[in-house]
Structure formats: C-alpha cells, structure tokens
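Accompanying notes for the structure given below.
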Amino acid sequence: MVLKRAQGLLVPRTKAGARLNAKNYAGKTWLTRPRPEIDRVGSAWLIRKFIDADAKFVFASSPAKYRDALPFDMADVEFTHHGDDCTFETLIKRFGIEDGAAQKIGEMIHDADLEDDKFHRADCIGIDHTLKGWAKLGLSDEEILEKGSECFDALYAWLRER
C-alpha cells in the first residue's frame with residue numbers, strides 16, 4: 001500500500017474528497033482484510049458509531065468474494081489511506097464527522113498505524129499492541145473487532161469528558 005501510495009496509484013483525490021451522507025450507508029456490510037489491527041478496528045468502530053449503527057463486517061483479502069460489501073482499509077478502494085491520511089481519517093473527512101473526541105482518536109490511530117509521529121500522540125500504541133496480541137492468542141477476526149471496539153468506546157467516553 002505504501003508503494004502504491006507513493007506512486008499515486010490509489011483512488012484519485014477527486015473521488016476521495018467528495019462529502020458523503022451517512023444515511024446512504026445504513027444497514028451495509030463492510031469488508032476489510034483479516035487480522036484487523038489499529039486502523040481497521042478503529043475504522044469499524046467509527047463506522048458503527050457515526051455512519052452505520054447496524055453495520056456488519058466481513059473479512060477477506062480481496063473484495064471479489066463479497067461484491068456487495070463496502071471495502072475499507074484495502075489497496076485500490078475508496079475508503080482507505082489517501083495522501084498522508086489513514087483510513088480512519090479518510091472516513092472522518094468523507095462523512096464530515098466533526099466530533100472532537102473522534103477526531104482526537106483519529107490522530108492517535110494515525111500515529112500508531114503510520115508511525116510518523118505527525119500528531120505526537122502515542123495514546124493508541126498500547127491498543128495496537130493489544131490487538132496484535134489478541135491475534136497471536138488466536139482470537140477470531142470478529143472477536144478482535146468486538147474487543148477492540150470496546151477499547152475505543154472506553155477511550156471515546158474518556159475523551160468526551162475532557
């Protein structure tokens with residue numbers, strides 16, 4: 001993905017920049033790669049929290065198996081890394097999510113996922129390590145997503161109080 005991004009082969013910026021209405025994405029199935037880590041789990045949490053409360057998630061290495069699903073955090077799809085944004089940040093921008101706590105979580109996920117220290121936020125590195133640990137312990141993709149979402153629910157609640 002990094003090589004393709006550097007070569008400018010991902011979805012063109014014009015497509016990546018149009019604002020979307022969350023109502024048009026209700027009740028969808030969303031697809032991402034297996035063994036979800038910080039950006040995929042965070043993005044799934046964001047989708048359920050702000051875009052599609054009834055979202056279902058499936059996992060596959062390629063969108064071909066689930067043609068009706070909305071792919072995210074995969075190469076050559078609409079909802080993925082654009083420019084120097086991680087998928088979580090892309091979703092925030094595309095759906096116009098202006099919630100301050102969610103935006104802070106986006107900064108945290110960005111720094112944990114891309115490891116570029118853009119926002120100087122190390123807050124989600126522990127969550128990232130925990131997600132990777134759950135995968136090593138043999139938890140299913142669905143279990144990682146659910147447990148990870150609980151972490152983001154707690155982080156979001158704490159940030160809302162600040």
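Position 1 is the first residue of the sequence, and the numbers go up from there.
When all heavy atoms of Pro71 and Pro63 are compared, the pair lying nearest together is CB-CG, 4.3 Å. In this structure, Lys28 and Tyr25 approach most closely via the heavy-atom pair CG-O, 3.1 Å. Of all non-hydrogen atoms in Ala69 and Leu31, the two that sit nearest each other are CB-CB, 3.8 Å. Among all heavy-atom pairs drawn from Ala112 and Asp128, the shortest one is O-OD2, 4.2 Å. Across every non-hydrogen atom of Ile47 and Ala55, the tightest pair is CG2-CB, 3.8 Å. Smallest separation of non-hydrogen atoms from Cys151 and Trp134: SG-CH2, 4.1 Å.
Although no hydrogens or angles enter the test, the distance criterion places a donor-acceptor pair under 3.5 Å between the side chain of Thr32 and the main chain of Phe72. Arg40 places no side-chain N or O within donor-acceptor distance of the main-chain N or O of Asp73, the cut-off being under 3.5 Å. Not a single donor-acceptor pair under 3.5 Å links the side chain of Thr87 to the backbone N or O of Asp39. Remark: side-chain polar atoms of Asp141 are paired, donor with acceptor, to backbone N or O of Arg35 under 3.5 angstrom. In terms of modelled atom types and a separation under 3.5 Å, the side chain of Thr80 and the main chain of Asp76 share no donor-acceptor contact.
No single ILVMFWY cluster, assembled from side-chain heavy atoms under 4.5 Å apart, contains both Ile125 and Ile127. Both Leu137 and Phe59 belong to a common hydrophobic cluster when Ile, Leu, Val, Met, Phe, Trp and Tyr are linked at side-chain heavy-atom distances under 4.5 angstrom.
Using a 4.5 Å cut-off on side-chain heavy atoms (C-beta onward), Leu91 and Ile97 make no contact. Phe152 places none of its side-chain heavy atoms less than 4.5 Å from the side chain of Leu46. Counting only heavy atoms from C-beta outward, the side chains of Met108 and Leu159 approach each other to under 4.5 Å. Looking only at side-chain heavy atoms (C-beta outward), Phe79 and Met74 stay at 4.5 Å or farther from each other. For the pair Ile38/Leu131, a side-chain contact is recorded, criterion being any heavy-atom separation below 4.5 Å from C-beta on.
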### Task
Please step through side chain to side chain contact (heavy atoms under 4.5 Å, CB included) for the pair Val41 and Ile144, ending with a clear verdict.
CA-CA 8 Å; Val41 172; Ile144 293 169; 4.2 Å; yes
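Rounded to the nearest 0.5 Å, atoms OH (Tyr156) and OG (Ser149) are 14.0 Å apart. Rounding to the nearest 0.5 Å places CD1 of Ile105 at 9.0 Å from NZ of Lys49. Atom SG of Cys124 sits about 5.5 Å away from atom CG of Leu155, to the nearest 0.5 Å. The CG atom of Leu145 lies 11.5 Å from the CG atom of Leu139; values are rounded to the nearest 0.5 Å.
Contacts classified as side chain to side chain donor-acceptor pair (under 3.5 Å) and involving residues 56-69 (residues at least two apart or in different chains) are not found. Every pair passing side chain to side chain donor-acceptor pair (under 3.5 Å) that includes a residue from residues 101-114 is listed here, sequence neighbours excluded: His81-Asp113, Glu89-His110, Glu107-Arg121, His110-Asp116.
The existence of a salt bridge linking Arg48 and Asp52 is excluded, since no basic side-chain nitrogen approaches an acidic carboxylate oxygen closer than 4.0 Å. A salt bridge links Asp99 with Arg160; the closest basic N to acidic carboxylate O contact falls under 4.0 Å.
In summary, the side chains of His120 and Asp117 do present a donor paired with an acceptor at a separation below 3.5 Å, with no hydrogens or angles considered.
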